A.B. asks: 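Take this structure, written in structure tokens, and hold onto it; I'll ask about it next.
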Amino acid sequence: MEQQAHFEAVLAADERIEPRDWMPEKYRATLIRQIAQHAHSEIIGMQPEGAWLTRAPSLRRKAILLAKVQDEAGHGMYLYSAAETLGVDRADLLDRLHTGTQKYSTIFNYPTLTWADVGVIGWLVDGAAIVNQVPLCRCSYGPYARAMIRICKEESFHQRQGFEMLLALRDGTDAQREMLQDAVNRWWWPSLMMFGPPDAASTNSAQSMAWRIKRHSNDELRQRFVDMTAPQADVLGVKLPDEKLRWNAERNSYDFGEIDWDEFARVVKGDGPCNAERIERRVAAHTEGAWVREAALAYAKKQAAKVDA
Ligand code: FAQ
């Protein structure tokens, strides 16, 4: 009872729960679920852009993209470490990703068909990730909140590199501008789905907000993203593919059209354009990397034996 009171008091004072503190089991389970899904998204998210590393149009673009994809691996690592502070094992979490019992973001199940997709991922996908993740820097669980601070700094850089790449396409040839518009047409709606189901269908939101894991509802953050992004589309000279998108002076926000929630449900269930391919590639990388994990373990044992001797 005293422990429960301490937990409630920490939340009420907007302070952080740390790994050694007592916490309700459901709070622990919710964090493991969200942090693991977030980590999985980061490492699966390396694939759509990674596919363009060998085809980047210049050495400069290739170096930038390589650094970005490596950052995503790093984000996955911080997040798996944050999840491990809750008493789970990273190997088990990876198993759950590989067997499809834990989710990752729907957005990474769409293909990257052209070079413009790489820039649009930076602009829209990293842009949406920032809007969703900046409030997580104030999440009530300390290790997750701290991991998010560094991740958000890097995501901001990713977003700007994407936008800068798109400015180059805007200032390029007609074919480049068409390629840009086509990529925007394909990524806009999936980016809006990153924020999760509408509030009325969001099963976890009420409890996660009460526990101060989430600070804003899915729809609130989605609206914030639309408001931030619509003027940027004007700068890029692209049209967002939504006939209902318009400024609403009364609400001081943009109105926008209805998201295809059937498509969202299909992609969550595993039936998106690239779900099978992403998991297959991930499992192959894990299997092919077994020798690296074995070598690292053998080295760690050898070092420990030296210290003991
Ligand atoms: N995809 O009750 P809610 C990135 C699931 S990282 C798949 O609203 P919640 C960086 C949800 O898990 C992108 N599943 O859930 C990058 C739940 O199922 P469950 C990832 C989704 O947790 C950029 C069910 O639907 N970011 O982009 C999705 O309160 C570029 C009901 O939903 C994060 O993970 C979805 N889009 O709110 C990398 C941020 N949406 O678990 C490479 C942290 C919902 O009960 C390149 N996560 N579901 O079986 C969050 O903020 C939250 O978990 C939400 C969902 C907002 C995603």
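From a predicted model like this one, the values you see are computed outputs, not experimental measurements. Both counts, for ligands and for their atoms, begin at 1 and track the order of listing.
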A.B. asks: Tell me the protein heavy atom at minimum distance from atom 51 (O) of ligand 1, and give that distance in Å.
C.D. replies: N132 ND2, 3.1 Å
A.B. asks: Of the backbone atoms (N, CA, C, O) and the side-chain heavy atoms from C-beta on, which set of Q34 has a member under 4.0 Å from an atom of ligand 1: side chain, backbone, both, or neither?
C.D. replies: side chain
A.B. asks: Identify, for atom 18 (O) of ligand 1, the protein heavy atom at the shortest distance, and state residue, atom and that distance.
C.D. replies: K103 NZ, 3.2 Å
A.B. asks: I need the nearest protein heavy-atom contact for atom 46 (C) of ligand 1: residue, atom name and distance, please.
C.D. replies: E72 OE2, 3.2 Å
A.B. asks: Is it true that R186 and D117 make a salt bridge, defined as a side-chain N closer than 4.0 Å to a carboxylate O?
C.D. replies: yes
A.B. asks: Under a plain distance cut-off of 3.5 Å, with no hydrogens placed, do S81 and R90 share a side-chain donor-acceptor pair?
C.D. replies: yes
A.B. asks: Between Y141 and Y27, how do the two ring planes meet: parallel, tilted or perpendicular, split at 30° and 60°?
C.D. replies: perpendicular
A.B. asks: Is D174 salt-bridged to R177, cutoff N-O under 4.0 Å?
C.D. replies: yes
A.B. asks: To check your reading of the model: name the closest protein heavy atom to atom 7 (C) of ligand 1, its residue, and the distance in Å.
C.D. replies: Y104 O, 3.4 Å
A.B. asks: Tell me whether ligand 1 is touched by M46 - counting only heavy atoms on the residue side and a distance under 4.0 Å.
C.D. replies: no
A.B. asks: If you measure every N or O of T106 against every N or O of ligand 1, does any of those distances drop under 3.5 Å?
C.D. replies: yes
A.B. asks: Give the residue and atom name of whichever protein heavy atom lies nearest to atom 17 (C) of ligand 1, and the separation in Å to one decimal.
C.D. replies: N204 ND2, 3.7 Å
A.B. asks: Identify the closest protein heavy atom to atom 21 (C) of ligand 1: which residue and atom is it, and at what distance?
C.D. replies: F264 CZ, 4.0 Å
A.B. asks: Any idea which protein heavy atom is nearest atom 10 (C) of ligand 1, and the distance to it?
C.D. replies: E155 OE2, 3.3 Å
A.B. asks: Contact between ligand 1 and E49 is defined here as a heavy atom of the residue under 4.0 Å from a ligand atom; is it met?
C.D. replies: yes
A.B. asks: Are D182 and L113 side-chain neighbours, meaning at least one heavy-atom pair lies under 4.5 Å?
C.D. replies: no
A.B. asks: Establish, from distance only, whether the side-chain atoms of D219 and Q223 form a donor-acceptor pair under 3.5 Å.
C.D. replies: no
A.B. asks: Select one of side chain, backbone, both or neither to describe which atoms of N218 lie under 4.0 Å from any atom of ligand 1, heavy atoms only.
C.D. replies: side chain
A.B. asks: When the ring planes of Y254 and W247 are compared, do they come out parallel, tilted or perpendicular, using 30° and 60° as the limits?
C.D. replies: perpendicular
A.B. asks: Applying a strict 4.0 Å limit to heavy atoms, is P197 in contact with ligand 1?
C.D. replies: yes
A.B. asks: Heavy atom to atom 20 (C) of ligand 1, shortest distance: which of G122, A206, S41, A36 holds it?
C.D. replies: S41
A.B. asks: Taking atom types as modelled, is there a side-chain donor on N109 or T106 under 3.5 Å from an acceptor on the other?
C.D. replies: no
A.B. asks: Purely on distance, is any nitrogen or oxygen of R33 under 3.5 Å from one on ligand 1?
C.D. replies: yes
A.B. asks: If you count the atoms of ligand 1 from 1 in the order shown, which ones are under 4.0 Å from a heavy atom of Y144?
C.D. replies: 43 (C)
A.B. asks: At a non-hydrogen distance cut-off of under 4.0 Å, which region of F108 contacts ligand 1 (side chain, backbone, both, or neither)?
C.D. replies: side chain
A.B. asks: Distance to 0.1 Å, residue and atom name: give those for the protein heavy atom nearest to atom 3 (P) of ligand 1.
C.D. replies: S202 OG, 3.4 Å
A.B. asks: Below 4.0 angstrom, N of the basic side chain to O of the carboxylate: do R281 and E277 qualify?
C.D. replies: no
A.B. asks: Measuring to protein heavy atoms, does anything land under 4.0 Å from atom 38 (C) of ligand 1?
C.D. replies: yes
A.B. asks: So between Q102, Q133, M194, H75, whose heavy atom ends up nearest atom 26 (N) of ligand 1?
C.D. replies: Q133
A.B. asks: Count the heavy atoms belonging to other residues, nucleotides or ligands that lie under 6.0 Å from CZ of F7, then report whether that count exceeds 12.
C.D. replies: yes
A.B. asks: Find all atoms of ligand 1 within a distance of less than 4.0 Å from any non-hydrogen atom belonging to G196, and give their numbers and elements.
C.D. replies: 40 (N), 44 (C)
A.B. asks: With heavy-atom distances below 4.0 Å as the criterion, list the atoms of ligand 1 near Q37.
C.D. replies: 12 (O), 41 (O)
A.B. asks: Just which atoms of ligand 1 are under 4.0 Å from any heavy atom in F195?
C.D. replies: 56 (C)
A.B. asks: Determine, for E220 against K214, whether the closest basic-nitrogen to carboxylate-oxygen distance falls under 4.0 angstrom.
C.D. replies: no
A.B. asks: Purely on distance, is any nitrogen or oxygen of E42 under 3.5 Å from one on ligand 1?
C.D. replies: no
A.B. asks: Can you sort out which atoms of ligand 1 are near V125, meaning under 4.0 Å from one of its heavy atoms?
C.D. replies: 23 (C), 30 (C)
A.B. asks: State whether the shortest distance between N or O atoms of T203 and N or O atoms of ligand 1 falls below 3.5 angstrom.
C.D. replies: yes
A.B. asks: Is any NZ, NE, NH1 or NH2 atom of the basic residue among R61 and E164 found under 4.0 Å from an Asp or Glu carboxylate oxygen of the other?
C.D. replies: yes
A.B. asks: Taking 4.0 Å as the limit for heavy-atom contacts, which would you say applies to A129 with ligand 1: side chain only, backbone only, both, or neither?
C.D. replies: side chain
A.B. asks: Any non-hydrogen side-chain atom of L245 less than 4.5 Å from a side-chain atom of V226?
C.D. replies: yes
A.B. asks: Salt bridge check, R222 against D199: does any charged N sit closer than 4.0 Å to a carboxylate O?
C.D. replies: no
A.B. asks: Give the atoms of ligand 1, by number and element, whose distance to some non-hydrogen atom of D126 is under 4.0 Å.
C.D. replies: 23 (C), 30 (C)
A.B. asks: Please indicate whether any nitrogen or oxygen in K214 is less than 3.5 Å from any nitrogen or oxygen in ligand 1.
C.D. replies: yes
A.B. asks: Would you say that I43 contacts Y104 through its side chain, given a criterion of any heavy-atom pair below 4.5 Å between the two side chains?
C.D. replies: no
A.B. asks: Taking atom types as modelled and ignoring hydrogens, do the side chains of Q159 and E155 form a donor-acceptor contact shorter than 3.5 angstrom?
C.D. replies: no
A.B. asks: Indicate the ring-plane relationship of Y78 and H75, choosing parallel, tilted or perpendicular according to the 30° and 60° boundaries.
C.D. replies: tilted
